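Input: a single structure, listed below in structure tokens.
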Amino acid sequence: GLHSVLLLAHAAEIWLGVGFIVAGIAILFDAPCLYCKRRSGEIPLFVWLYLGSWLLVYRCFWLTKQALARCGLQCKANDRLCDLVADRVLLGRLTWSLPSVDGAPEVDMVVDLTCEWSAPLALRSVDEYIAVPVVDTTRPPVDKLLELTELVLDHLARPEAGSVYI
């Protein structure tokens with residue numbers, strides 16, 4: 001009865017607290033490895049055991065923002081899915097489908113910098129998918145950034161290659 005309900009409530013409180021503490025540690029110490037994102041772009045289910053509360057709240061806010069944007073309500077002026085920042089290079093946010101920009105070839109390379117989300121299948125299905133998980137508001141280590149730059153430049157050097165989405 002009541003004892004079971006209280007026990008369940010305490011377990012939920014602990015789960016909520018642990019998720020926010022671990023997420024805080026990941027942010028404070030720039031430790032995207034705590035999300036265990038695989039090279040394939042997927043976050044394993046077991047991560048929800050210790051980060052689930054944070055992931056749930058984070059996703060709720062993100063999905064609410066996306067729903068408001070689809071209804072024409074934007075949180076920021078000129079908020080767009082992506083921008084063409086150079087020839088065949090699109091810079092944007094997480095999306096469920098491959099972005100496209102008029103005049104740019106189809107995206108066939110994705111550089112995924114998120115650690116909090118499993119990459120949607122559309123992003124992982126391109127010819128070249130590279131996961132380099134970073135915590136929000138941070139950047140990859142310089143050596144990894146240089147390696148990524150080289151891979152993107154090699155891709156763009158091929159005239160038959162499509163666009164790159166970062």
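Values below: every heavy atom of this structure, side chains too, minus hydrogens, waters and symmetry copies. Throughout, numbering of the chain's residues begins at 1 and tracks the sequence. Keep in mind that this is a model prediction, so the values were computed, not measured.
Between the side chain of Arg124 and the backbone N or O of Gly41 there is no donor-acceptor pair closer than 3.5 Å. A donor-acceptor contact shorter than 3.5 Å is absent between the side chain of Thr138 and the backbone of Asp30. Judged by distance alone, the side chain of Asp108 and the main-chain N or O of Gly162 form a donor-acceptor pair under 3.5 Å. A distance-only check finds a donor-acceptor pair linking the side chain of Ser118 to the backbone of Ile43 [under 3.5 Å].
Atom CZ of Phe61 sits in a sparse spot, with 12 or fewer heavy atoms from other residues, nucleotides or ligands closer than 6.0 Å. For Leu28, the CG atom counts as densely surrounded, since its 6.0 Å shell holds more than 12 non-hydrogen atoms of other residues, nucleotides or ligands. Surrounding CZ of Arg158 are more than 12 heavy atoms belonging to other residues, nucleotides or ligands, all under 6.0 Å away.
Side-chain contact between Trp48 and Ser53 is absent, with no heavy atoms from C-beta onward closer than 4.5 Å. Side chains of Ser100 and Glu106 form no contact here, defined as non-hydrogen atoms less than 4.5 Å apart. Looking at Leu121 and Trp96, their side chains never come closer than 4.5 Å, going by heavy atoms from C-beta outward. Under the 4.5 Å side-chain criterion, counting only non-hydrogen atoms from C-beta, Leu55 is in contact with Arg59.
The shortest non-hydrogen separation linking Ser97 to Ala122 is CA-CB, 3.9 Å. Residues Ser163 and Leu90 approach most closely at CB-CD1, 3.7 Å, considering heavy atoms. A pairwise comparison of heavy atoms in Leu94 and Pro120 identifies CD1-CD, 3.6 Å as the closest pair. Closest of all the heavy-atom pairs between Val110 and Val107 is CG2-CG1, 4.0 Å. In terms of heavy atoms, Leu145 sits closest to Pro140 at CD1-CG, 4.1 Å. Nearest heavy atoms, Val142 versus Arg139: N-NH1, 3.8 Å.
By the 4.5 Å side-chain criterion applied to Ile, Leu, Val, Met, Phe, Trp and Tyr, Val134 is assigned to a cluster that also includes Val85, Val89, Leu91, Met109, Val111, Leu113, Ile130, Val132, Leu148, Leu151, Val152, Leu156, Val164, Ile166.
Leu45 CG to Cys36 SG: the interatomic distance, rounded to the nearest 0.5 Å, is 12.0 Å. Atom CD1 in Ile25 sits 14.0 Å away from atom CZ in Phe20 (nearest 0.5 Å). For the atom pair CG (Leu34) and CD (Glu116), the distance works out to 11.5 Å, reported to the nearest 0.5 Å.
Looking at Lys144 and Glu150, no side-chain N of the basic residue comes within less than 4.0 Å of a carboxylate O on the acidic one, giving no salt bridge. Electrostatic pairing of Lys37 and Asp112 counts as a salt bridge here, judged by a charged N lying under 4.0 Å from a carboxylate O.
Applying the ring pair (Phe, Tyr, Trp, His ring centres under 6.0 Å) rule to pairs touching residues 135-166 yields nothing, sequence neighbours excluded.
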Could you go through the side chain to side chain donor-acceptor pair (under 3.5 Å) check for Glu42 and Ser40 one step at a time? CA-CA 6 Å; Glu42 296 172 291; Ser40 66; 3.1 Å; yes
Passes side-chain contact (heavy atoms from CB on, under 4.5 Å), Trp62 versus Trp117? Steps please. CA-CA 11 Å; Trp62 191 87; Trp117 294 85; 3.7 Å; yes
Check the pair Val22 / Trp54 against side-chain contact (heavy atoms from CB on, under 4.5 Å), numbers first and verdict last. CA-CA 9 Å; Val22 173; Trp54 164 249; over 6 Å; no
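Note on Val135: it does not cluster hydrophobically with Ile21, by side-chain heavy-atom contacts below 4.5 Å among ILVMFWY residues. Under the 4.5 Å side-chain heavy-atom criterion for ILVMFWY residues, no single connected hydrophobic cluster contains both Ile14 and Leu6. In this structure, Leu8 is not a member of the same hydrophobic cluster as Leu49, with clusters built from ILVMFWY side-chain heavy atoms closer than 4.5 Å. Criterion: ILVMFWY side-chain heavy atoms under 4.5 Å apart, direct or through other members. Under it, Ile27 and Val47 are not part of a common hydrophobic cluster.
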Would you list the atom pairs, donor with acceptor, under 3.5 Å between side chains in residues 64-73 and any protein atom, with sequence neighbours excluded?
residue	atom	partner	partner atom	Å
Thr64	OG1	Cys60	O	2.7

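Side-chain atoms of Tyr58 and Asp136 include a donor-acceptor pair closer than 3.5 Å.
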